[in-house]
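Since the model is a prediction, treat every value here as computed from it, not as a measurement. Lettering of chains follows the sequences in order, A, B, ..., and the numbering in each one begins at 1.
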There are 2 protein chains.
Amino acid sequence: MDRRQEILEAAAKSFSLFGYKATTMDQVAKIANVGKGTIYTFFANKEELFNAVVVKMINEMRTEADAAAVEGASFEKNAHARLMQMLKFRETHQLYAKLVDEEREIRTPAVSEVLEAIEKEIVSYIREKIEKAIRKGELKQCDTELIAYLLFKAYLALVVDWGKTHDAELTEKRIVELLSGTVFNSLLL
Amino acid sequence: MDRRQEILEAAAKSFSLFGYKATTMDQVAKIANVGKGTIYTFFANKEELFNAVVVKMINEMRTEADAAAVEGASFEKNAHARLMQMLKFRETHQLYAKLVDEEREIRTPAVSEVLEAIEKEIVSYIREKIEKAIRKGELKQCDTELIAYLLFKAYLALVVDWGKTHDAELTEKRIVELLSGTVFNSLLL
DNA sequence: GATTGACCAAAATACATTTACGGTCATCTA
DNA sequence: TAGATGACCGTAAATGTATTTTGGTCAATC
(Lines give C-alpha, C1' and ligand atoms only; values in the text may rest on other atoms or scores of the structure.)
Protein backbone atom coordinates (compact mmCIF):
# COMPACT_ATOMS: atom_id res chain seq x y z
CA MET A 1 0.00 0.00 0.00
CA ASP A 2 1.00 3.59 -0.53
CA ARG A 3 3.57 4.54 2.05
CA ARG A 4 2.58 8.17 2.09
CA GLN A 5 -1.00 7.17 2.75
CA GLU A 6 -0.05 4.87 5.60
CA ILE A 7 1.92 7.62 7.23
CA LEU A 8 -0.97 10.04 6.85
CA GLU A 9 -3.35 7.61 8.48
CA ALA A 10 -0.97 6.84 11.29
CA ALA A 11 -0.50 10.54 11.89
CA ALA A 12 -4.24 11.16 11.86
CA LYS A 13 -4.70 8.42 14.43
CA SER A 14 -2.00 9.77 16.71
CA PHE A 15 -3.02 13.43 16.44
CA SER A 16 -6.61 12.43 17.12
CA LEU A 17 -5.64 10.44 20.17
CA PHE A 18 -2.95 12.61 21.74
CA GLY A 19 -3.17 15.99 20.07
CA TYR A 20 -0.44 17.80 18.19
CA LYS A 21 2.10 18.41 20.92
CA ALA A 22 1.90 14.99 22.52
CA THR A 23 2.30 13.20 19.22
CA THR A 24 5.90 12.24 18.50
CA MET A 25 7.38 11.44 15.15
CA ASP A 26 8.67 8.14 16.58
CA GLN A 27 5.10 7.38 17.58
CA VAL A 28 3.81 8.03 14.08
CA ALA A 29 6.62 5.99 12.55
CA LYS A 30 5.85 3.04 14.79
CA ILE A 31 2.11 3.14 14.04
CA ALA A 32 2.82 3.44 10.31
CA ASN A 33 5.39 0.65 10.47
CA VAL A 34 8.08 2.71 8.80
CA GLY A 35 11.38 4.12 9.90
CA LYS A 36 11.24 7.67 11.20
CA GLY A 37 13.40 8.87 8.33
CA THR A 38 10.81 7.70 5.83
CA ILE A 39 8.31 10.21 7.10
CA TYR A 40 10.70 12.98 6.16
CA THR A 41 10.85 11.82 2.56
CA PHE A 42 7.15 12.69 2.26
CA PHE A 43 6.73 15.56 4.70
CA ALA A 44 9.22 18.31 5.41
CA ASN A 45 8.53 18.33 9.15
CA LYS A 46 5.98 17.62 11.85
CA GLU A 47 3.94 20.72 11.10
CA GLU A 48 3.59 19.88 7.41
CA LEU A 49 2.48 16.39 8.28
CA PHE A 50 -0.05 17.92 10.64
CA ASN A 51 -1.31 20.32 7.99
CA ALA A 52 -1.75 17.47 5.53
CA VAL A 53 -3.84 15.57 8.07
CA VAL A 54 -5.97 18.63 8.76
CA VAL A 55 -6.57 19.30 5.07
CA LYS A 56 -7.97 15.81 4.78
CA MET A 57 -10.23 16.48 7.74
CA ILE A 58 -11.49 19.73 6.26
CA ASN A 59 -12.51 17.87 3.14
CA GLU A 60 -14.42 15.32 5.19
CA MET A 61 -16.19 18.13 6.99
CA ARG A 62 -17.11 19.81 3.73
CA THR A 63 -18.50 16.53 2.43
CA GLU A 64 -20.60 16.02 5.53
CA ALA A 65 -21.84 19.61 5.41
CA ASP A 66 -22.90 19.13 1.81
CA ALA A 67 -24.65 15.92 2.75
CA ALA A 68 -26.65 17.81 5.38
CA ALA A 69 -28.22 20.04 2.73
CA VAL A 70 -31.35 19.04 0.86
CA GLU A 71 -31.67 19.67 -2.86
CA GLY A 72 -34.38 22.22 -3.46
CA ALA A 73 -34.74 23.35 0.14
CA SER A 74 -34.62 27.06 1.01
CA PHE A 75 -31.33 28.83 1.56
CA GLU A 76 -32.18 29.31 5.22
CA LYS A 77 -32.96 25.67 5.83
CA ASN A 78 -29.82 24.46 4.11
CA ALA A 79 -27.53 27.09 5.58
CA HIS A 80 -28.83 26.17 9.03
CA ALA A 81 -28.36 22.46 8.38
CA ARG A 82 -24.86 23.00 7.07
CA LEU A 83 -23.74 25.19 9.94
CA MET A 84 -25.24 22.91 12.57
CA GLN A 85 -23.57 19.96 10.92
CA MET A 86 -20.17 21.62 10.94
CA LEU A 87 -20.52 22.61 14.57
CA LYS A 88 -21.50 19.08 15.45
CA PHE A 89 -18.51 17.85 13.47
CA ARG A 90 -16.41 20.23 15.52
CA GLU A 91 -17.23 18.48 18.77
CA THR A 92 -17.79 14.99 17.41
CA HIS A 93 -14.81 14.43 15.16
CA GLN A 94 -12.00 13.09 17.33
CA LEU A 95 -9.26 15.21 15.80
CA TYR A 96 -11.18 18.47 15.64
CA ALA A 97 -12.41 18.07 19.21
CA LYS A 98 -8.92 17.24 20.39
CA LEU A 99 -7.49 20.33 18.73
CA VAL A 100 -10.12 22.61 20.25
CA ASP A 101 -9.22 21.08 23.58
CA GLU A 102 -5.51 21.52 23.07
CA GLU A 103 -6.04 25.12 22.05
CA ARG A 104 -7.97 25.79 25.24
CA GLU A 105 -5.50 24.35 27.72
CA ILE A 106 -2.12 24.48 26.07
CA ARG A 107 -1.21 27.18 23.59
CA THR A 108 0.47 25.44 20.70
CA PRO A 109 1.06 27.86 17.80
CA ALA A 110 0.68 25.15 15.16
CA VAL A 111 -2.74 24.30 16.59
CA SER A 112 -3.87 27.92 16.78
CA GLU A 113 -2.88 28.46 13.18
CA VAL A 114 -4.69 25.37 12.01
CA LEU A 115 -7.88 26.21 13.90
CA GLU A 116 -7.85 29.66 12.43
CA ALA A 117 -7.40 28.19 8.95
CA ILE A 118 -10.35 25.86 9.53
CA GLU A 119 -12.58 28.74 10.56
CA LYS A 120 -11.55 30.73 7.50
CA GLU A 121 -12.40 27.68 5.43
CA ILE A 122 -15.84 27.41 6.99
CA VAL A 123 -16.58 31.08 6.47
CA SER A 124 -15.56 30.99 2.84
CA TYR A 125 -17.64 27.84 2.39
CA ILE A 126 -20.69 29.65 3.76
CA ARG A 127 -19.90 32.61 1.59
CA GLU A 128 -19.88 30.40 -1.50
CA LYS A 129 -23.35 29.18 -0.64
CA ILE A 130 -24.62 32.71 -0.13
CA GLU A 131 -23.22 33.85 -3.45
CA LYS A 132 -24.74 30.88 -5.19
CA ALA A 133 -28.14 31.72 -3.70
CA ILE A 134 -27.77 35.31 -4.84
CA ARG A 135 -26.97 34.19 -8.37
CA LYS A 136 -30.04 31.98 -8.26
CA GLY A 137 -32.12 34.98 -7.28
CA GLU A 138 -33.07 33.56 -3.90
CA LEU A 139 -31.19 36.17 -1.87
CA LYS A 140 -30.66 39.86 -2.42
CA GLN A 141 -27.29 41.39 -3.15
CA CYS A 142 -25.32 41.93 0.05
CA ASP A 143 -21.90 42.08 1.69
CA THR A 144 -21.35 38.34 1.39
CA GLU A 145 -18.00 38.33 3.17
CA LEU A 146 -19.45 40.01 6.25
CA ILE A 147 -22.73 38.12 6.21
CA ALA A 148 -20.88 34.81 6.07
CA TYR A 149 -18.66 35.90 8.93
CA LEU A 150 -21.61 37.10 10.98
CA LEU A 151 -23.55 33.90 10.38
CA PHE A 152 -20.66 31.73 11.46
CA LYS A 153 -19.96 33.80 14.56
CA ALA A 154 -23.64 33.87 15.46
CA TYR A 155 -23.93 30.10 15.27
CA LEU A 156 -20.71 29.68 17.21
CA ALA A 157 -22.03 31.98 19.91
CA LEU A 158 -25.48 30.42 20.11
CA VAL A 159 -24.47 26.77 19.84
CA VAL A 160 -21.07 26.70 21.55
CA ASP A 161 -20.59 29.76 23.75
CA TRP A 162 -24.07 29.97 25.23
CA GLY A 163 -23.75 26.62 26.98
CA LYS A 164 -20.52 27.69 28.66
CA THR A 165 -22.15 30.48 30.62
CA HIS A 166 -25.68 29.17 31.04
CA ASP A 167 -26.77 25.94 32.64
CA ALA A 168 -28.82 24.70 29.69
CA GLU A 169 -27.99 24.57 26.00
CA LEU A 170 -30.17 26.54 23.64
CA THR A 171 -32.75 24.47 21.82
CA GLU A 172 -32.40 24.31 18.07
CA LYS A 173 -35.92 25.66 17.78
CA ARG A 174 -35.05 28.80 19.69
CA ILE A 175 -31.97 29.33 17.57
CA VAL A 176 -33.91 28.90 14.35
CA GLU A 177 -36.61 31.31 15.48
CA LEU A 178 -34.06 33.92 16.43
CA LEU A 179 -32.01 33.78 13.25
CA SER A 180 -34.95 33.22 10.97
CA GLY A 181 -36.56 36.40 12.27
CA THR A 182 -33.40 38.47 12.03
CA VAL A 183 -30.47 37.62 9.76
CA PHE A 184 -32.03 35.11 7.39
CA ASN A 185 -35.20 37.08 6.85
CA SER A 186 -33.27 40.19 5.91
CA LEU A 187 -31.40 38.33 3.17
CA LEU A 188 -34.47 37.32 1.21
CA LEU A 189 -35.19 39.03 -2.08
CA MET B 1 -10.19 60.21 54.32
CA ASP B 2 -12.17 56.98 54.30
CA ARG B 3 -9.76 54.10 54.82
CA ARG B 4 -11.88 51.69 52.83
CA GLN B 5 -11.93 54.10 49.93
CA GLU B 6 -8.17 54.58 49.99
CA ILE B 7 -7.65 50.83 49.89
CA LEU B 8 -10.06 50.50 46.99
CA GLU B 9 -8.23 53.14 45.02
CA ALA B 10 -4.85 51.67 45.77
CA ALA B 11 -6.09 48.26 44.68
CA ALA B 12 -7.58 49.68 41.50
CA LYS B 13 -4.25 51.31 40.70
CA SER B 14 -2.28 48.13 41.32
CA PHE B 15 -4.67 45.78 39.50
CA SER B 16 -4.70 48.19 36.55
CA LEU B 17 -0.93 48.34 36.43
CA PHE B 18 0.04 44.75 37.15
CA GLY B 19 -3.09 42.67 36.74
CA TYR B 20 -4.69 40.42 39.32
CA LYS B 21 -2.03 37.79 39.79
CA ALA B 22 0.94 40.12 39.90
CA THR B 23 -0.71 42.40 42.46
CA THR B 24 0.29 41.55 46.02
CA MET B 25 -1.55 42.50 49.16
CA ASP B 26 1.68 44.04 50.49
CA GLN B 27 1.78 46.16 47.34
CA VAL B 28 -1.76 47.39 47.86
CA ALA B 29 -1.10 48.08 51.55
CA LYS B 30 1.97 50.14 50.71
CA ILE B 31 0.18 52.19 48.03
CA ALA B 32 -2.78 52.77 50.35
CA ASN B 33 -0.45 53.66 53.25
CA VAL B 34 -2.03 51.17 55.58
CA GLY B 35 -0.85 48.01 57.27
CA LYS B 36 -1.65 44.83 55.40
CA GLY B 37 -3.90 43.67 58.22
CA THR B 38 -6.10 46.71 57.76
CA ILE B 39 -7.12 45.57 54.31
CA TYR B 40 -8.57 42.43 55.85
CA THR B 41 -10.84 44.43 58.15
CA PHE B 42 -12.65 45.69 55.05
CA PHE B 43 -12.27 42.83 52.57
CA ALA B 44 -12.31 39.14 53.37
CA ASN B 45 -9.54 38.30 50.93
CA LYS B 46 -7.76 39.32 47.75
CA GLU B 47 -10.56 38.10 45.51
CA GLU B 48 -13.21 40.11 47.33
CA LEU B 49 -11.07 43.20 47.10
CA PHE B 50 -10.72 42.51 43.39
CA ASN B 51 -14.45 42.05 42.97
CA ALA B 52 -15.13 45.34 44.72
CA VAL B 53 -12.76 47.13 42.36
CA VAL B 54 -14.39 45.54 39.34
CA VAL B 55 -17.89 46.45 40.51
CA LYS B 56 -16.77 50.06 40.61
CA MET B 57 -15.42 49.74 37.09
CA ILE B 58 -18.63 48.23 35.80
CA ASN B 59 -20.52 51.23 37.12
CA GLU B 60 -18.15 53.60 35.35
CA MET B 61 -18.67 51.68 32.16
CA ARG B 62 -22.43 51.84 32.51
CA THR B 63 -22.24 55.58 33.07
CA GLU B 64 -20.11 56.07 29.98
CA ALA B 65 -22.40 53.87 27.92
CA ASP B 66 -25.38 55.92 29.01
CA ALA B 67 -23.51 59.10 28.15
CA ALA B 68 -22.97 57.78 24.62
CA ALA B 69 -26.71 57.62 23.99
CA VAL B 70 -28.66 60.60 22.73
CA GLU B 71 -32.06 61.45 24.12
CA GLY B 72 -34.68 60.95 21.43
CA ALA B 73 -32.47 59.09 18.98
CA SER B 74 -33.60 55.79 17.49
CA PHE B 75 -33.05 52.52 19.29
CA GLU B 76 -30.61 51.43 16.64
CA LYS B 77 -28.51 54.56 16.83
CA ASN B 78 -28.33 54.46 20.61
CA ALA B 79 -27.78 50.74 20.89
CA HIS B 80 -24.94 51.05 18.40
CA ALA B 81 -23.42 53.99 20.25
CA ARG B 82 -23.70 52.17 23.58
CA LEU B 83 -22.15 48.95 22.35
CA MET B 84 -19.33 50.71 20.53
CA GLN B 85 -18.65 52.74 23.64
CA MET B 86 -18.47 49.67 25.86
CA LEU B 87 -16.14 47.92 23.42
CA LYS B 88 -13.94 50.99 23.32
CA PHE B 89 -13.99 51.05 27.11
CA ARG B 90 -12.91 47.45 27.02
CA GLU B 91 -9.67 48.23 25.29
CA THR B 92 -9.14 51.73 26.62
CA HIS B 93 -9.78 51.38 30.31
CA GLN B 94 -6.50 50.33 31.90
CA LEU B 95 -7.98 47.75 34.22
CA TYR B 96 -10.34 46.16 31.72
CA ALA B 97 -7.63 45.96 29.06
CA LYS B 98 -5.20 44.49 31.54
CA LEU B 99 -7.68 41.81 32.57
CA VAL B 100 -8.42 40.83 28.98
CA ASP B 101 -4.68 40.55 28.49
CA GLU B 102 -4.18 38.48 31.61
CA GLU B 103 -7.00 36.18 30.57
CA ARG B 104 -5.36 35.62 27.21
CA GLU B 105 -1.89 34.74 28.41
CA ILE B 106 -2.24 33.43 31.93
CA ARG B 107 -5.32 31.56 33.07
CA THR B 108 -6.28 33.05 36.41
CA PRO B 109 -9.65 31.73 37.58
CA ALA B 110 -10.51 34.92 39.44
CA VAL B 111 -9.98 36.89 36.25
CA SER B 112 -12.01 34.51 34.09
CA GLU B 113 -14.88 34.71 36.54
CA VAL B 114 -14.81 38.46 36.62
CA LEU B 115 -14.68 38.82 32.83
CA GLU B 116 -17.61 36.50 32.53
CA ALA B 117 -19.51 38.54 35.07
CA ILE B 118 -18.78 41.73 33.15
CA GLU B 119 -20.07 40.22 29.92
CA LYS B 120 -23.22 39.06 31.66
CA GLU B 121 -23.62 42.59 32.97
CA ILE B 122 -23.26 44.08 29.49
CA VAL B 123 -25.76 41.66 28.01
CA SER B 124 -28.35 42.37 30.68
CA TYR B 125 -27.74 46.08 30.21
CA ILE B 126 -28.47 45.76 26.49
CA ARG B 127 -31.50 43.66 27.31
CA GLU B 128 -32.84 46.40 29.56
CA LYS B 129 -32.61 48.88 26.72
CA ILE B 130 -34.36 46.53 24.34
CA GLU B 131 -37.19 45.95 26.76
CA LYS B 132 -37.55 49.65 27.36
CA ALA B 133 -37.80 50.23 23.61
CA ILE B 134 -40.43 47.53 23.35
CA ARG B 135 -42.46 49.14 26.12
CA LYS B 136 -42.19 52.44 24.29
CA GLY B 137 -43.56 50.77 21.16
CA GLU B 138 -40.40 51.34 19.14
CA LEU B 139 -39.53 47.65 18.82
CA LYS B 140 -41.68 44.60 18.37
CA GLN B 141 -42.02 41.89 20.98
CA CYS B 142 -39.10 39.44 20.78
CA ASP B 143 -36.82 37.07 22.65
CA THR B 144 -35.00 39.88 24.43
CA GLU B 145 -32.54 37.63 26.23
CA LEU B 146 -31.34 36.07 23.00
CA ILE B 147 -31.41 39.25 20.97
CA ALA B 148 -29.29 41.00 23.57
CA TYR B 149 -26.86 38.10 23.58
CA LEU B 150 -26.70 38.01 19.81
CA LEU B 151 -26.15 41.74 19.54
CA PHE B 152 -23.32 41.67 22.02
CA LYS B 153 -21.65 38.69 20.38
CA ALA B 154 -22.07 40.20 16.94
CA TYR B 155 -20.41 43.43 17.98
CA LEU B 156 -17.65 41.54 19.73
CA ALA B 157 -17.03 39.52 16.59
CA LEU B 158 -17.13 42.45 14.20
CA VAL B 159 -15.20 44.94 16.30
CA VAL B 160 -12.76 42.74 18.21
CA ASP B 161 -12.39 39.34 16.53
CA TRP B 162 -12.36 40.49 12.92
CA GLY B 163 -9.17 42.45 13.35
CA LYS B 164 -7.35 39.45 14.77
CA THR B 165 -7.69 37.39 11.59
CA HIS B 166 -7.74 40.12 8.94
CA ASP B 167 -5.15 42.77 8.29
CA ALA B 168 -7.52 45.72 8.49
CA GLU B 169 -10.19 46.56 11.06
CA LEU B 170 -13.77 46.82 9.88
CA THR B 171 -14.95 50.36 9.36
CA GLU B 172 -17.78 51.52 11.58
CA LYS B 173 -19.77 52.31 8.47
CA ARG B 174 -19.56 48.74 7.20
CA ILE B 175 -20.61 47.42 10.60
CA VAL B 176 -23.57 49.77 10.79
CA GLU B 177 -24.71 48.86 7.30
CA LEU B 178 -24.49 45.16 8.04
CA LEU B 179 -26.36 45.23 11.32
CA SER B 180 -28.81 47.89 10.29
CA GLY B 181 -29.87 45.76 7.36
CA THR B 182 -30.16 42.55 9.36
CA VAL B 183 -30.66 42.48 13.11
CA PHE B 184 -31.77 46.02 13.84
CA ASN B 185 -34.16 46.23 10.94
CA SER B 186 -35.93 43.06 11.98
CA LEU B 187 -36.60 44.44 15.45
CA LEU B 188 -38.61 47.43 14.31
CA LEU B 189 -42.36 47.46 14.82
C1' DG C 1 17.69 5.04 -4.80
C1' DA C 2 14.60 4.32 -1.20
C1' DT C 3 14.64 3.09 3.80
C1' DT C 4 16.38 3.09 8.19
C1' DG C 5 17.60 4.02 13.07
C1' DA C 6 21.73 5.66 15.73
C1' DC C 7 22.90 10.16 16.64
C1' DC C 8 22.72 15.24 17.92
C1' DA C 9 21.38 19.73 19.60
C1' DA C 10 17.58 21.74 21.63
C1' DA C 11 13.58 21.57 24.08
C1' DA C 12 10.80 19.64 27.57
C1' DT C 13 10.41 17.53 32.03
C1' DA C 14 11.29 16.27 36.72
C1' DC C 15 13.14 17.32 40.85
C1' DA C 16 15.10 19.95 44.75
C1' DT C 17 15.65 24.23 46.77
C1' DT C 18 14.51 28.76 47.58
C1' DT C 19 11.52 32.56 47.52
C1' DA C 20 7.21 34.99 47.65
C1' DC C 21 2.65 35.33 48.93
C1' DG C 22 -2.05 35.36 51.12
C1' DG C 23 -3.76 35.40 55.33
C1' DT C 24 -3.49 35.52 60.71
C1' DC C 25 -3.00 37.34 65.22
C1' DA C 26 -0.37 38.91 69.29
C1' DT C 27 1.11 43.38 70.07
C1' DC C 28 0.83 48.14 69.89
C1' DT C 29 -1.04 52.89 70.03
C1' DA C 30 -4.14 56.66 70.01
C1' DT D 1 -10.01 49.16 74.18
C1' DA D 2 -10.97 49.03 69.48
C1' DG D 3 -8.91 49.48 65.44
C1' DA D 4 -4.45 49.24 63.15
C1' DT D 5 -0.20 46.91 62.36
C1' DG D 6 3.65 44.06 60.58
C1' DA D 7 6.30 39.95 62.06
C1' DC D 8 5.15 35.46 61.33
C1' DC D 9 3.35 30.95 59.24
C1' DG D 10 2.22 27.31 55.99
C1' DT D 11 1.82 26.77 51.44
C1' DA D 12 2.29 27.58 46.68
C1' DA D 13 4.94 29.38 43.21
C1' DA D 14 9.24 30.58 41.22
C1' DT D 15 13.94 29.36 40.26
C1' DG D 16 17.85 26.68 39.21
C1' DT D 17 19.63 22.27 37.66
C1' DA D 18 20.02 17.50 36.26
C1' DT D 19 17.86 14.30 33.28
C1' DT D 20 15.02 12.76 29.58
C1' DT D 21 12.65 13.31 25.39
C1' DT D 22 12.04 14.88 20.79
C1' DG D 23 12.36 16.79 15.99
C1' DG D 24 15.24 16.35 12.53
C1' DT D 25 19.68 14.51 10.00
C1' DC D 26 22.51 11.44 7.49
C1' DA D 27 25.88 7.69 6.92
C1' DA D 28 25.08 2.98 6.52
C1' DT D 29 22.07 -0.54 4.67
C1' DC D 30 19.08 -3.13 1.72
Side-chain angles (χ1 to χ4, degrees), chain A residues 1-54 98-99 101-114, chain B residues 1-54 98-99 101-114:
Chain A
M1 194 221 193
D2 189 4
R3 264 166 138 58
R4 192 191 141 91
Q5 206 55 34
E6 288 184 316
I7 292 169
L8 260 181
E9 269 166 40
K13 209 170 287 180
S14 185
F15 287 135
S16 296
L17 229 45
F18 309 113
Y20 176 77
K21 192 164 170 257
T23 285
T24 72
M25 296 302 265
D26 281 300
Q27 178 87 263
V28 174
K30 183 161 275 178
I31 297 178
N33 270 105
V34 297
K36 181 161 62 156
T38 308
I39 300 178
Y40 289 89
T41 66
F42 296 104
F43 303 94
N45 52 45
K46 186 180 178 183
E47 200 167 340
E48 279 219 4
L49 174 59
F50 181 50
N51 290 338
V53 168
V54 169
K98 191 81 196 174
L99 295 183
D101 223 60
E102 192 170 350
E103 168 72 0
R104 196 173 40 77
E105 56 188 30
I106 316 170
R107 190 65 58 105
T108 322
V111 173
S112 303
E113 278 165 34
V114 142
Chain B
M1 195 220 194
D2 189 4
R3 262 164 140 58
R4 192 191 140 91
Q5 206 56 34
E6 287 185 316
I7 292 170
L8 261 182
E9 271 167 37
K13 209 169 288 182
S14 185
F15 286 134
S16 297
L17 231 44
F18 310 113
Y20 177 75
K21 190 164 171 256
T23 286
T24 70
M25 295 303 265
D26 282 300
Q27 177 88 262
V28 173
K30 183 162 275 180
I31 297 177
N33 272 106
V34 297
K36 181 160 62 156
T38 308
I39 300 179
Y40 289 89
T41 66
F42 295 104
F43 303 94
N45 51 44
K46 186 181 178 183
E47 200 167 341
E48 279 220 3
L49 174 59
F50 181 51
N51 289 338
V53 168
V54 169
K98 191 81 198 174
L99 295 182
D101 223 60
E102 192 171 349
E103 168 71 3
R104 196 173 40 77
E105 57 187 30
I106 318 170
R107 192 64 55 105
T108 323
V111 172
S112 303
E113 278 165 33
V114 143

Please state how far atom [atom1] in [X] lies from atom [atom2] in [N], giving the value in whole angstrom units.
X	N	atom1	atom2	result
B:Phe18	C:dC21	CZ	P	12 Å
A:Glu6	C:dA2	CD	C1'	15 Å
B:Lys30	D:dT5	NZ	P	14 Å
B:Asp2	D:dG3	CG	P	14 Å
B:Met25	D:dA7	CE	P	17 Å
B:Asp26	D:dT5	CG	C1'	12 Å

Q. Is B:Lys21 touching bases, backbone alone, or none of the nucleic acid, heavy atoms closer than 4.0 Å?
A.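 B:Lys21: backbone/sugar contact only, no base atoms under 4.0 Å.
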
Q | Check: B:Leu49 and B:Met25 side chains under 4.5 Å, non-hydrogen atoms | A |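 The answer is yes, as the side chains (C-beta and beyond) meet within the 4.5 Å cut-off.
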
Taking every non-hydrogen atom, the tightest pair across [X] and [Y]:
X	Y	answer
B:Thr23	B:Phe18	OG1-CB, 4.0 Å
B:Ala52	B:Leu8	CB-CD2, 3.8 Å
B:Ala12	B:Ser16	O-OG, 2.7 Å
B:Thr108	B:Glu103	O-OE1, 4.4 Å

Q: Give a yes/no answer on whether the side chain of B:Arg4 brings an N or O atom under 4.0 Å of OP1 or OP2 in D:dG3.
A: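 For D:dG3, neither OP1 nor OP2 has a side-chain N or O of B:Arg4 closer than 4.0 Å.
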
Q.
Can you tell me if A:Arg3 touches the phosphate of C:dT3, counting only side-chain N or O atoms and a distance under 4.0 Å to OP1 or OP2?
A.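 The answer is yes; a side-chain N or O of A:Arg3 sits under 4.0 Å from OP1 or OP2.
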
Q) Does B:Lys46 make a cation-pi contact with B:Tyr20 (under 6.0 Å, within 45 degrees of the axis)? A)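 Pair B:Lys46/B:Tyr20 counts as cation-pi.
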
Q. Using a heavy-atom distance cut-off of less than 4.0 Å, which residues of residues 32-54 of chain A contact DNA chain C?
A.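 Heavy-atom cutoff 4.0 Å gives A:Val34, A:Gly35, A:Lys36, A:Gly37, A:Thr38.
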
